[in-house]
Asker: 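Sending over a structure as structure tokens; questions will come in a sec.
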Amino acid sequence: MPLSAQRFEVPSNTGAHWFKGNTHTHTLNSDGDSPPDVVATWYRDHGYNFVVLSDHNVWTDPATLSALVDTSFILIPGEEVTSSFERRPVHVNGLNIPHVIEPRTDTTLVGTIQKNVDAIREIEGVPHINHPNFGWAFDHHTLADVRNDRLLEIYNGHPTVHNEGGGEAPGLEEIWDHLLTGGKRIYGIAVDDAHHFAGEFARDRANPGRGWIAVRADRLDALAIMERLEAGEFYASTGVTLEDIVIAPTRLEVHITQQANFRYTTQFIGTNGAVLATTGTNPAVYDLSVSSGYVRAKVTDSGGAHAWLQPVFIRP
Ligand SMILES: [Zn+2]
Ligand SMILES: [Zn+2]
């Protein structure tokens, strides 16, 4: 094996497809405005391949919605395990869990997050940490001490979650870069956190279709999607679609799907969130051979939508 192939983590993707999904949305089973079948149908009708109905401390049995499932659309069971510590919201999604989980609390903020993560892991579910800036609950200083979590919301479509941070508080992408720089292997997801499927679609309402992920897997089933998610084999998006991501031993290539006459800018970002390079080409290509730590790419289109690739980790 040449030295370069040892130095970079190069995944194998033979026979894989991209599956679009949303892992965070609500129904009338908690504080959403529409019944589960209406919510699931919205996603199926809008080209999604999977959705997780993640109601607050309520588990919805996908078997009750089996009529909606076909070869291109599945429901993955889940719950937004909804707790708090000293009035700070602690919301952790449990994906692919077999039954409801009671929310846990602890004597510290970190401990409260950890107990909910652990409760999800105990029944072989996959946890994701939700909207750190909702209620200005926590940031990287707290999340750095949480263990056994691989997924963090870096974009949430709900209007009151403060994705961009503000004042002294970091935005979600900045929190992510801090964690990555500190050596935590965590991947960024984009979600809807939709509550409003009826009535007006407006900026100040929690409507669907705002944030999603595309997972590269060889088949569409819950276990395959979970495995690839936790391996970072996906990108997060608010509107930009990718044809392909190629991680060659010394190159990261981002092949962007051209939509209408949109133009695209790709930033390659590394340790401490530093922008290492910016390009307007498609594919966007970055030479990894001079890098250390991690490199991730972020594509922005001329309308302001993004795609966030997962970091490539470079072995010391
Ligand atoms: Zn929440
Ligand atoms: Zn939610």
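Numbering of residues begins at 1 and proceeds along the displayed sequence. Both ligands and their constituent atoms are indexed starting at 1 by order of listing. Source: prediction; values computed, not measured. Note: hydrogens, waters and symmetry copies are ignored here, and every other heavy atom, side chains too, is used.
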Asker: Determine which of the N, O or S atoms in H91 is closest to the Zn ion (ligand 1) and give its atom name.
Answerer: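 This residue's closest N, O or S atom turns out to be ND1.
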Asker: Quick one, E227 with R219, criterion salt bridge (Lys or Arg N to Asp or Glu O under 4.0 Å). Give me CA distance, side-chain angles, the key distance, then yes/no.
Answerer: CA-CA 11 Å; E227 190 220 307; R219 64 188 195 278; 5.6 Å; no
Asker: Under 2.8 Å from the Zn ion (ligand 1), can any N, O or S atom of H131 be found?
Answerer: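 It does; at least one qualifying atom falls short of 2.8 Å.
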Asker: So, for H91 and H56, is the gap between ring centers shorter than 6.0 Å?
Answerer: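 Ring-ring flag for H91/H56: true, centres closer than 6.0 Å.
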Asker: Does H24 bring an N, O or S atom to under 2.8 Å of the Zn ion (ligand 2)?
Answerer: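 True for H24.
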Asker: Return yes when at least one N/O/S atom of H195 is nearer than 2.8 Å to the Zn ion (ligand 2), and no when none is.
Answerer: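 No, H195 does not qualify, because none of its backbone or side-chain N, O or S atoms lies under 2.8 Å.
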Asker: Can you tell me the angle formed at the Zn ion (ligand 2) by OD1 of D193 and NE2 of H26, to 10°?
Answerer: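 Answer comes to 90°, rounded to 10°.
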Asker: Return the orientation label for the W42 and Y48 ring planes: parallel under 30°, perpendicular over 60°, tilted otherwise.
Answerer: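 Tilted.
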Asker: Is there a salt bridge (Lys or Arg N to Asp or Glu O under 4.0 Å) between D244 and R216 once you walk through the steps?
Answerer: CA-CA 10 Å; D244 201 5; R216 183 152 51 184; 2.9 Å; yes
Asker: Could you tell me which N, O or S atom of E80 is nearest to the Zn ion (ligand 2)?
Answerer: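 Minimum-distance N/O/S atom of E80 relative to the Zn ion (ligand 2) is OE1.
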Asker: Between H195, H158, H196, which is the residue that forms a ring pair (Phe, Tyr, Trp, His ring centres under 6.0 Å) with H26?
Answerer: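 Among H195, H158, H196, the one meeting ring pair (Phe, Tyr, Trp, His ring centres under 6.0 Å) with H26 is H195.
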